[in-house]
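From a predicted model like this one, the values you see are computed outputs, not experimental measurements.
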Amino acid sequence: MAHIDAGKTTTTERILYYTGRIHKIGEVNDGSATMDWMEQEQERGITITSAATTCDWDTDQQKYSLNIIDTPGHVDFTAEVERSLRVLDGAVMVLCAVAGVQPQSETVWLQAKRYDVPCIAFVNKMDRVGADFEKALISIEDQLSANPIAIQIPIGAEDEFEGVIDLVSMQEHRFKEDAYGAEYESGDLTDELEAQAQEWRQQLLEHLSLYDDDLLEKIVEEEEVSQEEVVRVLRKATLSGQITPVLCGSAFKNKGVQQLLDAIVHYLPSPLDIPPVEGDHPVTKKLVSRKASASEPLCALAFKVASDPFAGQMTFVRVYAGTFETGKSAYNPRKRKYQRIGNLVKLHANKREDVTSISTGDIGAVVGMELITGDTLCPKDHPIVLERTQFPEPVIDQAIEPKTKSDQDKLEDALQRLMQEDPSFRSRIDTETGQNIISGMGELHLEIMVDRLQREFRVDCKAGTPRVAYRETITQAAVSETKFEQLLDGKEQFAFCRISLEPLEAGGGFEFENKLSADELPEIFAEAVEQGIQGAMSNGVLAGFAMIDLKATLVAADYLEELSTEVAFSIAGINVLRAGIQKAKPTLLEPSMKIEVVTPVSFTGEVIGDLNARHGRIRGMEEQGGIQVISAEAPLAEMFGYSTRLRSLTQGRASFTMHFSHYSSVTEVIRKALTGESASSGRA
């Protein structure tokens, strides 16, 4: 995991080469990298979708199997990182030795912390001009509030980078320029390097003594500390998340990757090292846990859905307990039914290897099984529902139209499949215009989706100009009730319900709570109310934008055995929410973006002036060797076309990153425009 262009895919490519998984090294720049298999990835030189593979690494006379997921670095595809970290046990954070911690480095670090994923850091690109290992180390501590501990230091830097010193074994590893780095020389430290290495090792031991009493005692009594003891304490402190071991190298120049593989095996957890996975019982809601053991009842999580042009739907699965076997059946608590397990495969980017089972701790995929992201699979007599991954709300919309009538059905089917694949991508029909509106995390995200519609799904369509995805929410609590009594399909229908609404904190999404017992209202009717409310949230009452950040609690209801149906309660849910929103003082929100601009110091004034003109707020400035880093926030509506403007202002020498920060209230002018209260009515 890393910021865009830090070298994740290049590092993964070297790992696959040194483990014997591939026999020729591909490069991102010429579109031949194994893990960047999509046409769009090869053309743009960036990772768009997370790709999985499995490889073996032999060290310490033992053979280890590694499941690897190479994730995207671009902020528009952050959902790919989120769901990968949800199922992985450890992470390697790749940093650029010149830039150190960058904006997306912070994002992925926080994602890893959310799921308690232990990390090691790999300071890459030590061969680049301006590479500074110590500065990168400091940036981890300052910007991530982490506890980095160097377990290697570089021998030289920039064009003089030759290898690394291992502070655990106190040996040096020098890499040969030829043979793709497969051969390197290891040996004892020379006199000139030993003094520097001893100083760093002393810091390492002092740090580690804080986490182990036996080690502290040895240091106090000035006893010799063995390599095995250092590895043991490093592993213990890394697994508990107290420290982050830091290594260095240059993946592109084939230096330091084998040592990184050793560190992965030594310091990151195996499935046996992590606590038992916990989830809820689907009926009693009590906490249930599963140990990582093949003898435990099955517990598997579907964490990603992909469309295969030949085989149909393919679902990525992580098995936490038991064995996932083809031809057998597994219970899906969401569907409340058994599903037959289809063909199983182990993945190597877009290549597949058929297997008959996926065992505890492994990642694989099942073909032809109708699942969605977040489904748990288990036995019916030992049910468990694992926590679902939370995905960010889309911030940008775009209208899309099929060019011919025959493309309309193809478009709807393709959009449905893309939404199954990517939970941060949405599609809906605008009730006013009848247009298909697609929503995503940024302009690049939508551009890729439209490209995929045309190439993969052969849908001839045209896309409009991207526009801001405004949202609506409530600002105060309210109580609402409704009675539904109508003829539907020639049959009288009845439903009554009362809900209380309350606003949630920003980012709270939607919550539903049912305070009624099954005697007061059958569960099937309560679920219908929830579905109705969720359906109604896609169109707010002010300007038709989706509702966010509210909680609905079902506090009262009434039903008649002979007249009440799920449909009646679903419609009641729609009506009761709309009535409640009107009472709860609804308001309009717009996405506010966090921006970081990196520009030569001489253009600082022009960049700040332009950001101010876009109603941006400068949050901080830092000068780093003739380069100014400007942090700011600005409304997304003001940031369209910013990359072109920034290039123009700085003679093409500045760059920027932008990602969603939070939703904030719109100005009165925008509110009136969006709700049609002024002459400039209409949606932005």
(request) Determine, for Asp413 against Lys410, whether the closest basic-nitrogen to carboxylate-oxygen distance falls under 4.0 angstrom. (result)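 Salt bridge: no.
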
(message) Strictly below 4.0 Å, N to O, side chains only: are Arg417 and Glu456 in salt-bridge contact?
(response)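 Glu456 and Arg417: not salt-bridged.
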
Which heavy atom of [X] sits nearest a heavy atom of [Y], and at what distance?
X: Cys378; Y: Arg290; result: CB-NH2, 4.3 Å
X: Ser665; Y: Glu590; result: O-OE2, 4.3 Å
X: Thr71; Y: Met1; result: OG1-CA, 3.6 Å
X: Arg471; Y: Pro394; result: NH2-O, 3.2 Å
X: Lys515; Y: Glu520; result: O-OE1, 4.3 Å
X: Pro402; Y: Gln408; result: CG-OE1, 3.0 Å

Any side-chain heavy-atom pair from [X] and [Y] closer than 4.5 angstrom?
X: Glu562; Y: Glu492; result: no
X: Phe425; Y: Leu415; result: yes
X: Glu82; Y: Tyr115; result: yes
X: Ile571; Y: Leu488; result: yes
X: Met369; Y: Val317; result: no
X: Phe77; Y: Leu444; result: yes
X: Thr475; Y: Pro503; result: no
X: Val529; Y: Asn514; result: no

If only atom types and distance count, is the side chain of [X] paired as donor or acceptor with the main-chain N or O of [Y] below 3.5 Å?
X: Lys462; Y: Lys403; value: no
X: Ser480; Y: Ile499; value: no
X: Thr376; Y: Leu386; value: yes
X: Gln398; Y: Ala463; value: no
X: Ser592; Y: His662; value: no
X: Glu472; Y: Ala543; value: yes
X: Asn575; Y: Ala572; value: no
X: Gln582; Y: Ala579; value: no
X: Gln486; Y: Gln493; value: no
X: Thr675; Y: Arg671; value: yes

May I have the list of side-chain donor-acceptor pairs in residues 546-557 shorter than 3.5 Å, sequence neighbours left out?
{"from": "Asp549", "atom 1": "OD1", "to": "Gly507", "atom 2": "N", "distance (Å)": "3.3"}
{"from": "Asp549", "atom 1": "OD1", "to": "Gly508", "atom 2": "N", "distance (Å)": "3.0"}
{"from": "Asp549", "atom 1": "OD1", "to": "Gly509", "atom 2": "N", "distance (Å)": "2.9"}
{"from": "Asp549", "atom 1": "OD2", "to": "Gly507", "atom 2": "N", "distance (Å)": "3.4"}
{"from": "Lys551", "atom 1": "NZ", "to": "Glu513", "atom 2": "OE1", "distance (Å)": "2.9"}

(request) Please work out which of the three classes, parallel, tilted or perpendicular, describes the rings of Phe569 and Phe525, given edges at 30° and 60°. (result)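 Phe525 vs Phe569 ring planes: parallel.
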
(request) List the steps, then state whether side chain to side chain contact (heavy atoms under 4.5 Å, CB included) holds for Asp397 with Tyr470. (result) CA-CA 9 Å; Asp397 287 348; Tyr470 292 97; over 6 Å; no

Rounded to the nearest 0.5 Å, what separation is found between the [atom1] atom of [X] and the [atom2] atom of [Y]?
X: Asn332; Y: Lys380; atom1: CG; atom2: NZ; result: 12.0 Å
X: Leu298; Y: Ser329; atom1: CG; atom2: OG; result: 11.0 Å
X: Glu502; Y: Leu504; atom1: CD; atom2: CG; result: 6.5 Å
X: Thr315; Y: Ile372; atom1: OG1; atom2: CD1; result: 10.0 Å
X: Phe303; Y: Leu88; atom1: CZ; atom2: CG; result: 7.0 Å
X: Leu588; Y: Leu674; atom1: CG; atom2: CG; result: 5.5 Å

(message) Let's go through Glu412 and Gln416 carefully: what are the C-alpha distance in whole Å and the side-chain angles of both, what is the deciding distance for side chain to side chain donor-acceptor pair (under 3.5 Å) to 0.1 Å, and is it a yes or a no?
(response) CA-CA 6 Å; Glu412 288 175 12; Gln416 198 62 40; over 6 Å; no

(message) A quick test of your reading: do over 12 heavy atoms of other residues, nucleotides or ligands sit less than 6.0 Å from CD1 of Ile524?
(response)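 Not more than 12 within 6.0 Å, no.
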
(message) Looking at Lys335, I'd like to know if its NZ atom is crowded, meaning that more than 12 non-hydrogen atoms belonging to other residues, nucleotides or ligands lie closer than 6.0 Å.
(response)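 Check passes, neighbour count above 12.
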
(request) Starting from the C-alpha separation in whole Å, work towards a yes-or-no answer on side chain to side chain contact (heavy atoms under 4.5 Å, CB included) for Val450 and Ile438. (result) CA-CA 9 Å; Val450 172; Ile438 58 174; 4.0 Å; yes

(request) For Glu527 and Gln531, test the side chains for any donor-to-acceptor distance below 3.5 angstrom and give the result as yes or no. (result)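 No - no donor-acceptor pair under 3.5 Å links their side chains.
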
(message) When you compare the side chains of Lys491 and Thr565, does any donor N or O come within less than 3.5 Å of an acceptor on the partner?
(response)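 No pair is found: no donor N or O on one side chain lies under 3.5 Å from an acceptor on the other.
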
(message) Between Val366 and Leu371, does the side chain to side chain contact (heavy atoms under 4.5 Å, CB included) criterion hold? Intermediate values first, please.
(response) CA-CA 10 Å; Val366 57; Leu371 300 168; 4.3 Å; yes

(message) Which residue in the set Glu387, Arg388, Arg86 passes side-chain contact (heavy atoms from CB on, under 4.5 Å) when paired with Leu301?
(response)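 It is Arg86; the other options fail the test.
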
(message) Using the rule given for side chain to side chain contact (heavy atoms under 4.5 Å, CB included), can you reason through Glu447 versus Asp451, listing the C-alpha separation, both sets of side-chain angles and the distance that settles it, and then say yes or no?
(response) CA-CA 6 Å; Glu447 184 186 323; Asp451 194 29; 5.8 Å; no

(message) Quick check with a 6.0 Å cut-off and a 45 degree axis cone: is Arg318 positioned over the face of Tyr320's six-membered ring?
(response)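 Positive - Arg318 is close enough to the ring of Tyr320 and near enough to its axis.
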
